[in-house]
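The first residue of the sequence shown is numbered 1, and numbering continues consecutively from there.
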Amino acid sequence: MKVLGHRLQLLTGLLLHDVTMTGLQELRFPEEKPLLRGQDATEMDNPDAFLSVVDTDWKEHDIETPYGLLHVVIRGSPKGNRPAILTYHDVGLNHKLCFNTFFNFEDMQEITKHFVVCHVDAPGQQVGASQFPQGYQFPSMEQLAAMLPSVVQHFGFKYVIGIGVGAGAYVLAKFALIFPDLVEGLVLMNIDPNGKGWIDWAATKLSGLTSTLPDTVLSHLFSQEELVSNTELVQSYRQQISNVVNQANLQLFWNMYNSRRDLDINRPGTVPNAKTLRCPVMLVVGDNAPAEDGVVECNSKLDPTTTTFLKMADSGGLPQVTQPGKLTEAFKYFLQGMGYIAHLKDRRLSGGAVPSASMTRLARSRTASLTSASSVDGSRPQPCAHSDSSEGMGQVNHTMEVSC
């Protein structure tokens, strides 16, 4: 295998070294506390810890699509050639329960204030959603993906960087397969590319007969170890899933997710006319997550030259909730690998507030040529920060296992 040169510049508190890769490489990040700064465990029982939004300039929209209305929450407006960050939540959640902790994290806000952020709620899953009428046919996973171009068109996005979790990761991956020109990059957490076999289907049906819907969903979101040991977080989510998400609507989404088909992807060169994700992809899973096997298999089916595999130590089924700091660091370096450079000072280095970030984008073609550089809006050129050798040209990301 050709040796790939790739320099990762890590901030203070992280490892600082050059990485030469001949397959899978493991990096270790220092452990961080699982809760937000200033939070203690009792605050996780407070619904406001999940549902509060720091920013006041979020705007809600109901967008008409070929398969019904989509509830969307957006902050900012398109600027230049910058993509929008578009999120899609897991089954049992909505954009607030799934992403508020992550996007309210201070360092993450320093990054996202330079992008439009667009949160998509699956049909009927948003806070205060009305119950669907009897006989309503919930969209299939493919139809959920086919609803997203209407969102892109409505807001005038040129393309998006998708962040999806579980069922939302599956929807965004399907979206990128069907509409590759609309997707600049993907962060896929807890993705399972496989449909359920009849044994899994039967087990799900049996579980539905012996457990309540919130408990069944919790076993999808959290590992058995978390369900036993991390009782405060689990109880908080049990309460929110029971009280915030419409249960009849959730049942429809849950049934459709469990009837999904295999995601039709294969690593290039392994089968004739293999389909794969053409954009840079970062796969994320906790080392104590129920989705670990599915994410590992998804990694084996993607192009290793454009895929990063992030396996987070001391993290379970919701790394964006329990380890938002680590995930923010990983997301920043993912953006850098795509050509979006964040000039951010670390509070641990400065001892003070983080100054405003300057986000720039290395000029490149859709085939990932890194021969020149310019800012997002076409201002003065910036140096390429990806590699010190010409061998690194054309390689944006690489498959690697990262233990945080």
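- Ring geometry for F138 against F132 counts as perpendicular: the plane angle is over 60°, on a 0 to 90° scale with 30° as the lower cut.
- Distance alone, capped at 3.5 Å, places no donor-acceptor pair between the D107 side chain and the G325 backbone.
- Of the listed residues (L182, L172, I178, V183), just one forms a side-chain contact (heavy atoms from CB on, under 4.5 Å) with L148, and that residue is L172.
- Using a 4.5 Å heavy-atom threshold, the side chains of I163 and M189 count as touching.
- For the pair R260 and E142, the salt-bridge criterion is not met [side-chain N within less than 4.0 Å of a carboxylate O].
- The ring of H114 has its center no closer than 6.0 angstrom to the ring center of Y340.
- Counting all heavy atoms, side chain and backbone alike, Q224 lies closest to S219 at NE2-CB, 4.5 Å.
- In terms of heavy-atom proximity, Q126 sits nearest to A122 at OE1-O, 4.0 Å.
- Salt bridge present: K275 and D264 bring a charged side-chain N and a carboxylate O closer than 4.0 Å.
- Going from atom OH of Y88 over to atom CG of L188 covers 14.0 Å, rounded to the nearest 0.5 Å.
- The shortest side-chain heavy-atom distance between Q251 and L213 falls under the 4.5 Å cut-off.
- The backbone N or O of P304 sits nowhere less than 3.5 Å from a side-chain atom of T307 that would complete a donor-acceptor pair.
- Residues R261 and S140 have side chains that never bring a donor and an acceptor to within less than 3.5 angstrom of each other.
- Tested against R238 for a side-chain hydrogen bond (donor to acceptor under 3.5 Å, both in side chains), the candidates T212, T231, D215, N243 yield a single pass: D215.
- The minimum heavy-atom distance linking D314 with Q323 is given by the pair O-NE2, 3.2 Å.
- Annotation for Q247: atom CD counts as buried by contact number, over 12 foreign heavy atoms lying within 6.0 Å.
- In this structure a side-chain-to-backbone donor-acceptor pair under 3.5 Å is present from Y159 to N81.
- Looking only at distances, no side-chain donor or acceptor of R278 sits under 3.5 Å from a matching main-chain atom of L177.
- Expressed to the nearest 0.5 Å, how far CD1 of I191 lies from OH of Y170 amounts to 8.5 Å.
- The closest donor-acceptor contact from the side chain of D262 to the backbone of G195 lies under 3.5 Å.
- At distances below 3.5 Å, not a single donor-acceptor pair connects side-chain atoms of T112 with backbone N or O atoms of F115.
- Looking at heavy atoms from C-beta onward, R75 lies out of side-chain contact with V116 at the 4.5 angstrom threshold.
- When each of V120, N246, V245 is paired with N94, the side-chain contact (heavy atoms from CB on, under 4.5 Å) condition holds for V245 and for no other.
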Start with the C-alpha distance between I161 and L335, add both sets of side-chain angles, then the distance that settles side-chain contact (heavy atoms from CB on, under 4.5 Å), and finish with yes or no. CA-CA 9 Å; I161 295 174; L335 291 176; 3.7 Å; yes

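- Annotation: side chain of F331 is in contact with side chain of I85 (closest heavy-atom distance under 4.5 Å).
- In this structure, the separation between CG on L250 and CD1 on I241 is 7.5 Å, given to the nearest 0.5 Å.
- Minimum heavy-atom separation, A330 to L310: CB-CD2, 3.3 Å.
- Rounding to the nearest 0.5 angstrom, the gap separating the CZ atom in R267 from the CG atom in L302 is 7.5 Å.
- Judged by distance alone, the side chains of S223 and N288 do bring a donor and an acceptor atom under 3.5 Å apart.
- Of the inter-residue distances, the one linking M282 atom CE with N299 atom CG reads 13.0 Å to the nearest 0.5 angstrom.
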Where do E110 and K113 land on the side-chain contact (heavy atoms from CB on, under 4.5 Å) test, with the steps shown first? CA-CA 6 Å; E110 285 296 320; K113 70 183 182 181; 3.3 Å; yes

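- Annotation: side chain of F222 is not in contact with side chain of P290 (no heavy-atom distance under 4.5 Å).
- The distance from atom CZ of F103 to atom CD of Q109, rounded to the nearest 0.5 Å, is 10.5 Å.
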Working note: C118 + V160, criterion side-chain contact (heavy atoms from CB on, under 4.5 Å); need CA distance, chi angles, decisive distance, verdict. CA-CA 9 Å; C118 179; V160 302; over 6 Å; no

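- The shortest distance between side-chain heavy atoms of L144 and P139 falls below 4.5 Å.
- Using a cut-off of 4.0 Å between Lys/Arg side-chain N and Asp/Glu carboxylate O, K158 and E184 are scored as not salt-bridged.
- Judged by distance alone, the side chains of N249 and Q125 never bring a donor and an acceptor atom under 3.5 Å apart.
- Judged by distance alone, with hydrogens and angles left aside, the side-chain atoms of E226 form no donor-acceptor pair with the main-chain N or O of V234 at under 3.5 Å.
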Is there a side chain to side chain donor-acceptor pair (under 3.5 Å) between D90 and H220 once you walk through the steps? CA-CA 10 Å; D90 202 354; H220 161 76; 2.9 Å; yes

Check step by step if side-chain contact (heavy atoms from CB on, under 4.5 Å) holds for V285 and M312. CA-CA 6 Å; V285 69; M312 300 180 68; over 6 Å; no

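- Between L218 and Y237, the shortest heavy-atom contact is CD2-CB, 4.1 Å.
- Summarising the geometry of S150 relative to E64, their closest heavy-atom pair is CB-O, 3.8 Å, with the distance given to 0.1 Å.
- Side chains of L186 and F175 form no contact here, defined as non-hydrogen atoms less than 4.5 Å apart.
- Taking the six-membered ring where tryptophan is involved, the planes of W58 and H119 are essentially parallel, since the angle between them stays under 30° and well short of 60°.
- In this model, no donor atom of one side chain and acceptor atom of the other lie less than 3.5 Å apart for H71 and D62.
- Two residues are said to be in side-chain contact when any heavy atoms from C-beta on lie closer than 4.5 Å; L69 and I63 fail this criterion.
- In this structure, F157 and F155 have parallel ring planes: the angle between them is below the 30° cut-off, well short of the 60° mark.
- Although no hydrogens or angles enter the test, the distance criterion places no donor-acceptor pair under 3.5 Å between the side chain of S242 and the main chain of Q239.
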